[in-house]
Student: 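If you scroll down you'll find the structure; I have some questions about it.
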Amino acid sequence: MNNTCVPIDENPGMLIESLPISFVCVLLCLATVIFVFKQKLHKVLFYRLAMYQILSAMEFSIVWIVASPTFLIDNLNTSAVVDALLLGSSFMKLMFTIWISIHLFALAVFHKNLQRLEALYVVSSLLVALVMIAVLLCTSILDSNYNWCDEAIIYILIFAVLTLVSLLMVVMGIILCYRACRRRNAIH
């Protein structure tokens, strides 16, 4: 039995089908990063945050492409490392999503530019990913039969992050609509 979070035992064709998608993702992410630098958009914090998120998506796809052969060879230690890297890069992408949402919220609602916090954005996103990878690798090393993919805490964290981002976007939308209506009424 495969002790990985990727359900290869159930559908091995999924691995073969996802490889071209991962290659396309890497190429699109690379093209986007080149475009951002060519158009000099990297000077704006929002574009840099989006670029960090794109780079983490590209990293996820590269890990998936490189790790695909290890899924076919049922090596539990390699699978634990790959699972930890995939989940760590997923959380890094989620952290950048949170920071983009907070930045947009602060900019749209409070008219505050949080550019001085960019180092905090990047460092915290990378640290969350590294801590996640370290914890998952330690649990896999201590108990090789432990399958942390069944742990509810991972799904609770993901749900909490997505709920926070959704709430920020809904509140921001409501406030911006309110301001637009107020401005329109003030003109008439």
Side-chain angles (χ1 to χ4, degrees), residues 4-6 22 25-26 28-37 39-67 79-142 146-176:
T4 180
C5 292
V6 182
S22 295
C25 179
V26 169
L28 287 175
C29 290
L30 193 59
T32 304
V33 170
I34 291 170
F35 177 79
V36 164
F37 277 105
Q39 296 297 321
K40 295 182 173 72
L41 297 174
H42 64 280
K43 296 177 181 178
V44 179
L45 177 63
F46 174 75
Y47 290 114
R48 280 196 308 271
L49 289 175
M51 192 175 62
Y52 297 144
Q53 190 176 32
I54 289 168
L55 288 172
S56 64
M58 188 167 76
E59 184 259 342
F60 180 88
S61 293
I62 290 171
V63 169
W64 181 260
I65 291 168
V66 171
S79 294
V81 170
V82 169
D83 283 344
L85 287 172
L86 289 173
L87 196 63
S89 60
S90 298
F91 270 93
M92 182 172 36
K93 189 167 178 359
L94 279 175
M95 285 300 296
F96 281 123
T97 302
I98 288 174
W99 287 123
I100 288 173
S101 302
I102 290 172
H103 179 73
L104 285 175
F105 185 82
L107 196 61
V109 175
F110 301 115
H111 304 289
K112 297 277 184 193
N113 190 351
L114 303 176
Q115 190 159 354
R116 65 183 180 275
L117 298 178
E118 181 179 4
L120 173 70
Y121 297 164
V122 175
V123 170
S124 65
S125 297
L126 293 174
L127 279 178
V128 165
L130 290 175
V131 167
M132 197 72 175
I133 291 170
V135 167
L136 297 175
L137 285 178
C138 288
T139 56
S140 296
I141 290 170
L142 294 175
Y146 183 71
N147 190 358
W148 44 264
C149 299
D150 296 331
E151 290 293 326
I153 190 70
I154 292 174
Y155 301 107
I156 291 170
L157 285 172
I158 292 171
F159 180 75
V161 166
L162 294 176
T163 303
L164 174 68
V165 169
S166 299
L167 285 174
L168 284 174
M169 292 298 117
V170 167
V171 169
M172 184 176 65
I174 291 170
I175 290 173
L176 290 176

Student: Flag the pair L94 / L162 as yes when at least one side-chain heavy-atom distance between them is below 4.5 Å, and no otherwise.
Tutor: yes
Student: Does any non-hydrogen side-chain atom of Y121 lie less than 4.5 Å from one of I100?
Tutor: no
Student: Calculate, to the nearest 0.5 Å, the distance between atoms OG and CZ belonging to S124 and F96 respectively.
Tutor: 7.5 Å
Student: Look up atom CE in M132 and atom CE in M95, then write down how far apart they are to the nearest 0.5 Å.
Tutor: 11.5 Å
Student: Take the angle between the ring planes of F37 and H42 and call it parallel below 30°, perpendicular above 60°, tilted in between.
Tutor: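 Tilted.
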Student: Please examine the side chains of L120 and W99, heavy atoms only from C-beta on, and report whether any two atoms are closer than 4.5 Å.
Tutor: yes
Student: Considering only heavy atoms from C-beta outward, does the side chain of V128 approach that of M92 to under 4.5 Å?
Tutor: no
Student: Where is the tightest heavy-atom contact between C25 and S61, given as atom of each residue plus distance?
Tutor: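 Looking at all heavy atoms of both residues, the closest pair is SG-OG, 3.2 Å.
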Student: Within this structure, what is the CG-OG1 distance for the pair L168 and T163, rounded to the nearest 0.5 Å?
Tutor: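 Answer for the CG-OG1 pair, L168 versus T163, is 11.0 Å.
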Student: I need the minimum non-hydrogen distance between V165 and S101, along with the two atoms involved.
Tutor: CG1-OG, 3.2 Å
Student: At what distance, to the nearest 0.5 angstrom, does CE of M51 lie from CG of L45?
Tutor: 10.5 Å
Student: When rounded to the nearest 0.5 angstrom, what distance separates OG1 in T97 from CE in M169?
Tutor: 10.0 Å
Student: Taking the side chain as C-beta and beyond, is there a heavy-atom pair between Y52 and E118 under 4.5 Å?
Tutor: yes
Student: Rounded to the nearest 0.5 Å, what separates atom OG1 in T32 from atom CG in L41?
Tutor: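 Spacing of OG1 (T32) from CG (L41) equals 11.0 Å.
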